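Take a look at the structure below.
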Amino acid sequence: MRRCNEEVAGLLQEYADLIAITGGDAFKVRVYEKAARSVGGYGREIDGMDAAALRAIPNVGASIAAKIDEYLRTGSIHQLEELRTNIPAGVRLLTTIPTLGPKKAMVLYHERGVDSIEKLEDAIHAGALEGLHGFGTKTEENLLHGIEVMRKTGSRVHIGIAMAVAEEVVPALSAVPGCERCAYAGSLRRMKDTIGDVDILASVGDPADDSAALMAAFTALPYVTEVIAHGETKSSVRTAAGLQVDLRVVPRDSWGAALQYFTGSKAHNIRTREIAVHRKLKLSEYGVFDVATGEKITSADEAEVYGMLGLPWIEPTLREDTGEIEAALSVGLPRVVTSTDIRGDLHTHTDLTDGLAPLEEMVEAAAARGYAYYAVTDHAPNLFMQRMTDEKALQQRERLRRLGTARHGMTLLHGCELNIGPEGEVDWPPEFLAGFDLCVASVHSHFTQPPEEMTRRLIRACENPYVKIIGHPTARIIGRREPVDADWPRVFDACVLTGTALEIDSFPDRLDLPSGLVRRAADRGVLFSIDSDAHAVPHLDVMRYGVGTAQRGWLTPDRVINTWPVDRLREFLRPG
DNA sequence: GCCGTTTTCGGCCCGACTGTTTTCAGTCG
């Protein structure tokens with residue numbers, strides 16, 4: 001299902017960026033940014049809407065509706081195209097470097113002709129920015145560090161971007177005559193937090209007859225900008241977003257072996273092939289073979305492939321060779337948490353602060369997912385831009401109570417997302433916190449504290465009897481902000497001691513706590529809450545990424561408080 | 001450029017932090 005809301009949101013954001021870089025009206029910039037978020041988070045598909053319907057979207061007026069309409073009809077927006085001819089794409093890319101905004105980008109471009117990240121790096125190293133207003137030594141250091149942070153994720157993208165591509169490609173290829181099965185594999189199926197390229201696997205009756213049509217359809221997909229390779233069984237393309245997508249076509253009876261081969265990490269595959277060798281078998285992407293006779297034993301079904309190795313089917317998210325083989329051969333694999341185990345969402349926002357949808361719409365959408373409970377946790381006052389007040393919080397509580405549980409049978413919890421201050425303090429005093437059903441507390445400032453201070457800060461937040469969940473504990477933004485530095489084992493122990501859960505924030509550019517730390521925390525007995533951190537109705541769907549991260553951390557349902565029945569959850573949430 | 005009215009133009013999320021600046025601009029959340 002193609003969702004063009006995100007596409008249009010991206011274009012509006014680009015328009016906002018370009019206005020900002022060209023020194024346009026700051027309010028206009030903000031309006032386009034707001035419109036971009038509104039369209040991206042709008043609950044209905046905009047494709048096919050006319051200008052009047054478009055204007056019903058919040059923050060979309062006559063002018064922006066006309067631009068969207070033009071895009072839907074013609075595939076482009078002429079004002080945007082004009083701006084694009086004036087500002088090289090690389091200049092806009094500069095603003096993705098942390099600490100580098102539109103103003104500095106414009107200075108770099110106009111004064112020094114810098115129009116790419118590489119040129120910026122060269123300019124700094126060559127001392128070409130000396131004397132440039134606003135670019136001292138420290139600024140240069142920060143820019144180089146920002147570039148380094150970006151390089152760490154390299155050309156990889158976060159899972160949300162890769163999944164969106166896969167979920168367009170797979171249905172498109174599945175519809176091609178001759179295609180029998182089609183699925184994504186690789187690191188995407190393993191739910192890694194970042195993805196280098198998207199691996200798609202398709203099976204056909206006979207590759208000689210059927211693969212050509214698939215390859216043709218694949219390379220002709222509308223968002224393909226470059227065909228890197230075009231063969232009979234393998235093709236590679238690059239999308240407009242710069243993401244590489246590989247398609248492998250296999251005969252139907254190789255499906256299971258191929259899926260196994262293209263899903264496992266390299267290390268996992270090496271282990272499984274070693275096991276095969278010990279059993280006088282050979283494992284490849286074509287199947288499991290008897291070494292003595294060369295005869296193929298099985299290959300059509302993934303579980304059978306594992307079965308021939310004396311292993312149970314292994315959850316894709318566990319296939320990293322981090323102990324899953326040993327566990328499978330001895331104590332057994334963990335029964336990891338799945339999306340169907342999740343009974344509610346404990347960290348969500350509304351338009352009272354920086355969310356897009358009103359309370360009622362968020363609740364309605366949550367009820368439609370079949371949740372047993374749902375917490376509204378808007379920002380607390382110390383995140384000043386959100387302008388939360390005691391009165392607003394209390395009014396929201398009244399509104400929530402009036403919605404009640406009668407209509408949808410879902411328990412509504414009134415919560416908040418507190419800000420953990422530099423000393424570990426939070427926004428409200430105990431007597432006010434006592435009025436909430438649930439307090440999430442998160443770090444939103446002072447990200448660079450030394451580890452000792454950060455550790456004390458987090459522990460102090462845990463020790464607050466009203467704080468029950470630490471939100472996005474490392475505060476990382478993938479490709480943009482490094483995780484905060486803390487002595488995590490000590491934080492984990494404090495969580496256990498105080499009865500505080502750590503969050504797995506499911507937003508695809510956060511996935512925080514990251515899976516590696518999840519596993520370490522779980523080993524020490526920490527409990528978790530897997531939350532969407534939704535700011536709009538469509539965001540409720542990101543929960544699956546958090547579940548994937550939990551699986552990668554080997555979490556079982558009993559360790560996850562929002563798989564519990566509401567009574568047990570309420571018991572956990574009781575202050576103390 | 002959108003919104004919400006004091007319906008026709010004024011107000012628009014606002015405070016902290018950082019670096020380079022000597023009084024503030026840019027960036028971020």
Side-chain angles (χ1 to χ4, degrees), chain A residues 11-13 15-39 42 51 54-69 77 79-80 83 94-109 111 124 129-146 149 349-356 378-389 392 417-423 427 442-449 471-472 475-477 480-482 484 505 507 509-510 512 533 535:
Chain A
L11 294 173
L12 293 175
Q13 181 61 51
Y15 197 67
D17 290 346
L18 293 178
I19 295 171
I21 292 169
T22 52
D25 178 20
F27 289 116
K28 195 165 151 181
V29 173
R30 207 139 65 198
V31 164
Y32 275 96
E33 284 176 342
K34 269 161 75 175
R37 283 198 303 274
S38 288
V39 171
Y42 199 53
L54 291 169
R55 289 198 57 175
I57 303 171
N59 304 307
V60 174
S63 174
I64 293 179
K67 289 187 178 70
I68 299 175
D69 184 55
I77 301 170
Q79 291 103 323
L80 176 60
L83 279 176
L94 290 178
T95 65
T96 61
I97 301 171
T99 73
L100 204 165
K103 295 291 193 303
K104 281 198 163 73
M106 182 168 64
V107 170
L108 286 169
Y109 179 51
E111 303 296 322
I124 295 171
L129 302 187
E130 259 169 52
L132 197 55
H133 187 80
F135 289 83
T137 334
K138 191 72 199 198
T139 299
E140 291 187 340
E141 273 173 30
N142 288 343
L143 290 176
L144 288 176
H145 179 250
V149 169
H349 296 271
T350 74
D351 62 1
L352 183 63
T353 56
D354 59 350
L356 292 166
D378 270 313
H379 288 289
N382 291 356
L383 201 59
F384 301 101
M385 63 174 178
Q386 307 301 350
R387 310 187 104 191
M388 178 59 100
T389 61
K392 283 191 192 173
E417 184 182 12
L418 300 165
N419 303 287
I420 306 176
E423 306 294 328
D427 309 60
S442 316
V443 168
H444 288 125
S445 65
H446 302 85
F447 301 109
T448 54
Q449 278 181 327
H472 47 71
R476 73 166 178 172
I477 307 283
R480 194 150 177 88
R481 185 166 66 218
E482 296 275 75
V484 300
D505 187 308
F507 235 78
D509 63 352
R510 285 195 184 268
D512 185 11
D533 197 0
H535 286 66

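In this text, all values refer to a predicted model and were calculated from it rather than measured experimentally. A note on names: the letters A, B, ... follow the listed sequences, proteins ahead of strands, and every chain is numbered from 1.
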Say you pick atom [atom1] in [N] and the same atom in [M]; how far apart are they, in whole Å?
N      : M      : atom1 : result
B:dG29 : B:dT23 : C1'   : 24 Å
B:dC3  : B:dC13 : P     : 13 Å
B:dG11 : B:dC17 : C1'   : 27 Å
B:dT22 : B:dT18 : C1'   : 16 Å
B:dC12 : B:dG19 : C1'   : 28 Å

Calculate the interatomic distance between [X] atom [atom1] and [N] atom [atom2]; express it in whole Å.
X        : N      : atom1 : atom2 : result
A:Leu12  : B:dG1  : CG    : P     : 12 Å
A:Glu130 : B:dT20 : CD    : P     : 13 Å
A:His133 : B:dT20 : NE2   : P     : 11 Å
A:Ile64  : B:dC2  : CD1   : P     : 5 Å
A:Leu54  : B:dG1  : CG    : C1'   : 16 Å
A:Lys138 : B:dC17 : NZ    : P     : 16 Å
A:Ile77  : B:dG1  : CD1   : P     : 13 Å
A:Asp351 : B:dC13 : CG    : P     : 14 Å

Are A:Glu111 and A:His133 close enough that a side-chain donor and a side-chain acceptor fall under 3.5 Å? no

We want to know whether A:Asn59 and A:Ser38 form a side-chain donor-acceptor pair, criterion being a heavy-atom distance below 3.5 angstrom. yes

Answer with base, sugar-phosphate or nothing: what part of the nucleic acid does [X] contact at a heavy-atom distance below 4.0 Å?
X       : value
A:Ala62 : sugar-phosphate
A:Val60 : sugar-phosphate
A:Asp25 : base

Report yes if a side-chain nitrogen or oxygen of A:Arg30 is closer than 4.0 Å to either non-bridging phosphate oxygen (OP1 or OP2) of B:dC13; otherwise report no. yes

Any side-chain N or O of A:Asn59 under 4.0 Å from OP1/OP2 of B:dG1? no

Where the side chain of [X] meets the backbone of [Y], is there a donor-acceptor pair that is under 3.5 Å apart?
X        : Y        : result
A:Arg476 : A:Arg510 : yes
A:Asp512 : A:Ala475 : yes
A:Asp427 : A:Asn382 : yes

Taking the six-membered ring for Trp, are A:His535 and A:Phe507 parallel (under 30°), tilted (30 to 60°) or perpendicular (over 60°)? perpendicular

Taking pairing as Watson-Crick or G-U wobble with both contacts under 3.5 Å, can you name the mate of B:dG1, or confirm there isn't one? B:dC12

Which value, rounded to the nearest 0.5 Å, describes the distance between A:His446 atom NE2 and A:Ile420 atom CD1? 13.0 Å

My understanding is that only residues two or more places apart in sequence, or in another chain, count here; which of them pass side chain to side chain donor-acceptor pair (under 3.5 Å) with A:Glu33? none

Of the candidates B:dT18, B:dC17, B:dG1, the side chain of A:His446 sits closest to B:dC17

List, with names and distances, any nitrogen or oxygen atoms from the protein found under 3.5 Å away from nitrogen or oxygen atoms belonging to nucleotides 26-29 of chain B.
from, atom 1, to, atom 2, distance (Å)
B:dT27, OP1, A:Gly101, N, 2.5
B:dT27, OP1, A:Gly101, O, 3.0
B:dT27, OP1, A:Lys104, N, 3.1
B:dT27, OP2, A:Lys103, N, 3.2
B:dT27, O5', A:Gly101, N, 3.3
B:dC28, OP1, A:Thr99, N, 2.9
B:dC28, OP1, A:Arg480, NH2, 3.2
B:dG29, OP1, A:Arg481, NH1, 2.5

